[in-house]
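Notes to accompany the following structure.
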Amino acid sequence: DTFIHVAVAKNMALHGNWGIAPGMWTSTSSSPLFTILLSIVFKLVSINIWMPFLISVAGSFLMLVAMQQELSKHSKLSVFNQVICIVATIIIGAVPALTLLGMEHTLQIAFTLFFVHSVAGIAGNTGKKIHWQTAAWAALMTFTRYENASLIVAAFVLLVWLKQYKAAFIIGVAGALPLLLFGLYSKMHGMYFIPNSVMIKANQNFKFLLNGGNSL
């Protein structure tokens, strides 16, 4: 999967084409943002197999920042105990393994943490001025991984239930916009609205569920 990102990013950097081959447009990446970031790094620095890993490391650092900020704001733990909690989370959550994959997962987790913490602030009436910041996290989160659209729906329902309609609308639109724009971009090139890899995974999971947990 890492090398699918590399192939698409390389073609974007060298030929301006989204696909695994220079002359063929194919929607094979399930993380458009990660592939775009990788293509920018390839263009500005060099095409190197270490670049996905470096971006993944950057995502891990963002994840640490998100956890530290939340513990500092909403706990009375000492700095030492905060470090213990973060280290335990890193080990239990297999963050080193995720980082070594050189994929979008660390960025996804970081953006998800920032988004959830921000929505919690709005829901608790402590984030009245951070709607647009939350919207930015929503957009980054879904553009990093399509599956995170479920969190947008959950946040939308929660905020509507709390009668915070403006926040719900802004976050809902922000979370859906990247997927809508990329879907239209894909349709313009004769592909499906949703990336092929996401459609295949969804189809396999649906069949798995209908078959009682057995692979077909």
Side-chain angles (χ1 to χ4, degrees), residues 1-2 4-13 16-20 25-44 51-52 55-56 58-59 62-63 65-66 98 102-122 127 130-160 165-202 205:
D1 288 346
T2 304
I4 293 175
H5 287 304
V6 170
V8 178
K10 182 181 71 174
N11 282 306
M12 278 291 290
N17 179 66
W18 188 273
I20 57 175
W25 203 101
T26 51
S27 185
T28 55
S29 173
S30 60
S31 178
L33 179 62
F34 185 84
T35 305
I36 290 171
L37 288 175
L38 189 56
S39 67
I40 292 172
V41 172
F42 280 171
K43 189 74 173 179
L44 297 178
M51 296 307 176
I55 296 176
S56 184
L62 279 176
M63 194 191 315
V65 171
L98 291 175
M103 293 178 63
E104 72 276 5
H105 302 300
T106 56
L107 285 174
Q108 176 195 10
I109 295 171
F111 294 147
T112 300
L113 289 173
F114 281 122
F115 174 75
V116 171
H117 297 164
S118 190
V119 169
I122 295 174
I130 59 173
H131 295 344
W132 296 109
Q133 179 182 329
T134 311
W137 295 129
L140 289 170
M141 184 178 68
T142 55
F143 206 35
T144 302
R145 193 84 178 178
Y146 272 62
E147 290 90 332
N148 280 42
S150 60
L151 288 177
I152 301 297
V153 174
F156 180 85
V157 172
L158 172 65
L159 294 173
V160 168
Y165 303 114
K166 179 181 177 181
F169 175 78
I170 292 173
I171 292 169
V173 170
L177 191 59
L179 308 186
L180 175 63
L181 292 177
F182 188 79
L184 294 175
Y185 180 57
S186 180
K187 293 289 289 184
M188 287 171 59
H189 289 84
M191 292 287 109
Y192 296 110
F193 188 82
I194 299 174
N196 298 341
S197 54
V198 177
M199 292 182 63
I200 292 172
K201 186 185 297 183
N205 290 340

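Residues: numbered from 1 along the sequence shown.
For the pair Thr106 (side chain) and Ser56 (backbone), a donor-acceptor distance under 3.5 Å is present.
Evaluation of the side-chain contact (heavy atoms from CB on, under 4.5 Å) rule for Leu44 yields Ile40 as partners, not counting sequence neighbours. Applying the ring pair (Phe, Tyr, Trp, His ring centres under 6.0 Å) criterion to Phe114, with sequence neighbours excluded, gives Trp137. Listed by chain and number, the residues in a ring pair (Phe, Tyr, Trp, His ring centres under 6.0 Å) with Phe34 are His5 (sequence neighbours excluded). Remark: Phe182 pairs with Trp18 by the ring pair (Phe, Tyr, Trp, His ring centres under 6.0 Å) rule, at least two apart or across chains. Partners of Tyr185 by ring pair (Phe, Tyr, Trp, His ring centres under 6.0 Å), not counting sequence neighbours, listed by chain and number: Trp25, His189. Under the rule for a side chain to side chain donor-acceptor pair (under 3.5 Å), Asn11 has no partner lying at least two apart in sequence or in another chain.
Here Ile171 contributes atom CD1 and Ile122 contributes atom CD1; the two are 4.0 Å apart, rounded to the nearest 0.5 Å. Between the OG atom of Ser30 and the CD1 atom of Ile194 there is a distance of 12.0 Å, given to the nearest 0.5 Å. For the atom pair NE2 (His131) and OG (Ser118), the distance works out to 9.5 Å, reported to the nearest 0.5 Å. From Gln108, atom CD reaches atom CE of Met63 across 9.5 Å, with rounding to the nearest 0.5 Å. Atom CG of residue Leu98 and atom CE of residue Met103 lie 10.0 Å apart, to the nearest 0.5 angstrom. The distance from the CG atom of Leu151 to the CZ atom of Phe111 is 14.0 Å, given to the nearest 0.5 Å.
Looking at Asn148 and Phe115, their side chains never come closer than 4.5 Å, going by heavy atoms from C-beta outward. Contact annotation: the side chain of Val41 approaches that of Ile55 to within less than 4.5 Å [non-hydrogen atoms, C-beta and beyond]. You'll find the side chain of Lys43 stays beyond 4.5 Å of the side chain of Met12, heavy atoms only.
Contact between Leu37 and Leu107 at its shortest, heavy atoms only, is CD1-CD1, 4.0 Å. In terms of heavy atoms, Pro178 sits closest to Thr142 at CG-OG1, 4.1 Å. The minimum heavy-atom distance between Ala168 and Val160, with the atom names listed, is CB-CG2, 3.7 Å. Residues Ile170 and Ala135 come closest through the heavy atom pair CG2-CB, 3.7 Å. Between Phe156 and Gly172, the shortest heavy-atom distance links the atoms CD1-CA, 4.5 Å. Of all heavy-atom pairs spanning Pro52 and Gly102, the tightest one is CB-O, 3.3 Å.
No more than 12 heavy atoms of other residues, nucleotides or ligands shown are found within 6.0 angstrom of CG on Asp1.
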Criterion side-chain contact (heavy atoms from CB on, under 4.5 Å) on Leu159 and Phe169, from CA distance to verdict: CA-CA 9 Å; Leu159 294 173; Phe169 175 78; over 6 Å; no
